[in-house]
Amino acid sequence: MAEARIDPNSLDLTDRVVAINRVAKVVKGGRRFSFTALVVVGDGQGHVGVGLGKAREVPEAIRKSVEHAKKDLLLVPLKDTTIPCEITGHFGAARVYLKPAAQGTGVIAGGAVRPVLEAAGVQDILTKTLGTNNPHNVLKATMDAFRRLKRLQSTYAARRRSMEGEGQEVAGGKEA
């Protein structure tokens, strides 16, 4: 089941550069340098995207990564100022554990996880990065956690509907 694309033009997106890396290609005349930029875009209302851009100049790499991030927008299910439940995202050797927190806790996150959470508009959350701290993989693991969270929410909603359809009374999501 494919997700519906989110139109980035209708949102007020801000971008934040997470990492810039200089890479060198050795050629006959010496080294040829280029740059990769890792960027997070979000509107602070639950929409967030991550992009990677490569170019010979830093501003061009950032521009490309912002365009890529806008194509990969995701709507994060929020419950007040936090996420609805605990979730772990995986990508490569990176694992990111996200746990909802009480209001006023703040964003307890480090490395590449913090910019994604701030761009998504999450204000209260506890996180732990497990495995690698490579920003590329950590960002993708965080986005994987958000995708899993979205699938989990839709599964719970479908189960609630099917239980109500069977004639069982449902009070607050639990059987009475």
Side-chain angles (χ1 to χ4, degrees), residues 1-3 5-6 8 13-26 31-44 46-58 60-79 81-101 105-156:
M1 185 169 101
E3 296 176 19
R5 281 183 55 111
I6 299 168
L13 297 172
T14 59
D15 54 88
R16 184 162 165 192
V17 177
V18 176
I20 294 178
N21 190 25
R22 186 180 79 166
V23 292
K25 176 183 178 184
V26 179
R31 293 185 189 97
R32 195 169 282 166
F33 295 107
S34 63
F35 297 89
T36 64
L38 201 54
V39 172
V40 173
V41 298
D43 66 347
H47 294 94
V48 67
V50 173
L52 174 68
K54 301 175 185 180
R56 296 286 301 270
E57 301 294 328
V58 175
E60 183 66 14
I62 292 171
R63 186 191 63 74
K64 284 182 179 180
S65 60
V66 168
E67 281 180 19
H68 185 260
K70 286 181 180 179
K71 290 179 187 174
D72 190 36
L73 283 175
L74 178 72
L75 178 60
V76 179
L78 297 174
K79 182 179 176 185
T81 60
T82 188
I83 57 175
C85 61
E86 296 178 10
I87 198 90
T88 303
H90 307 268
F91 189 86
R95 291 193 328 261
V96 175
Y97 174 70
L98 306 175
K99 182 178 178 182
T105 304
V107 177
I108 310 297
V113 180
R114 178 178 286 271
V116 179
L117 296 171
E118 289 174 348
V122 179
Q123 296 172 2
D124 302 304
I125 193 164
L126 303 168
T127 68
K128 181 65 183 167
T129 304
L130 306 163
T132 184
N133 61 355
N134 176 350
H136 296 267
N137 291 346
V138 169
L139 281 180
K140 289 180 181 179
T142 307
M143 293 299 283
D144 177 59
F146 286 154
R147 283 188 180 91
R148 286 172 186 253
L149 195 60
K150 194 170 181 179
R151 281 197 300 267
L152 195 63
Q153 292 296 101
S154 63
T155 303
Y156 286 159

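Numbers here simply count residues along the sequence, with the first being 1.
A distance of 12.5 Å separates NZ of K64 from CD1 of I62, quoted to the nearest 0.5 Å. Atom CG of residue L98 and atom CD1 of residue I83 lie 5.0 Å apart, to the nearest 0.5 angstrom. To the nearest 0.5 angstrom, S34 atom OG is 10.0 Å from E57 atom CD. Interatomic distance, L126 CG to T105 OG1, rounded to the nearest 0.5 Å: 6.0 Å. The structure places NZ of K128 at 12.5 Å from CD1 of I108, a figure rounded to the nearest 0.5 Å. Atoms CZ and OG1, on F91 and T142 in that order, are 11.5 Å from each other to the nearest 0.5 Å.
Sorted by first then second residue, the side-chain hydrogen bond (donor to acceptor under 3.5 Å, both in side chains) pairs that include residues 81-92, not counting sequence neighbours, are T81-D124, E86-Y97.
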Self-check item: Residues M143, V48; criterion side-chain contact (heavy atoms from CB on, under 4.5 Å); working and verdict
Solution: CA-CA 9 Å; M143 293 299 283; V48 67; 4.1 Å; yes
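The salt bridge (charged side-chain N to carboxylate O under 4.0 Å, His left out) test applied to D144 returns R148, not counting sequence neighbours. Residues forming a side-chain contact (heavy atoms from CB on, under 4.5 Å) with F33 (at least two apart in sequence, or on another chain): R22, A24, R31. Applying the side-chain contact (heavy atoms from CB on, under 4.5 Å) rule to K54 yields the partners T36, L52; only residues at least two apart in sequence or on another chain are considered. With sequence neighbours excluded, the residues that form a side-chain contact (heavy atoms from CB on, under 4.5 Å) with H47 are I6, L11, D43, L75. Here E67 pairs with R63 under the salt bridge (charged side-chain N to carboxylate O under 4.0 Å, His left out) rule; sequence neighbours left out. Partners of D72 by side-chain hydrogen bond (donor to acceptor under 3.5 Å, both in side chains), not counting sequence neighbours, listed by chain and number: R147. N134 pairs by the side-chain contact (heavy atoms from CB on, under 4.5 Å) definition with T132, H136, N137, not counting sequence neighbours.
Residue S65 comes nearest to A37 through the heavy atom pair CB-O, 3.4 Å, listed as atom of the first residue, atom of the second, then distance. Residue G51 comes nearest to A69 through the heavy atom pair N-CB, 3.5 Å, listed as atom of the first residue, atom of the second, then distance. Smallest separation of non-hydrogen atoms from A94 and A141: O-CB, 3.9 Å.
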Donor-acceptor pairs under 3.5 Å, side chain of residues 110-120 to any protein atom, not counting sequence neighbours: which ones?
residue, atom, partner, partner atom, Å
R114, NE, A109, O, 3.1
R114, NH1, E118, OE2, 3.3
R114, NH2, V107, O, 2.8
R114, NH2, A109, O, 3.2
E118, OE1, R16, NH1, 2.4

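Taking the side chain as every heavy atom from C-beta outward, V18 and V50 never approach each other to under 4.5 Å. With a 4.5 Å cut-off on side-chain heavy atoms, P84 and Q153 count as touching.
Judged by distance alone, with hydrogens and angles left aside, the side-chain atoms of T14 form a donor-acceptor pair with the main-chain N or O of G42 at under 3.5 Å.
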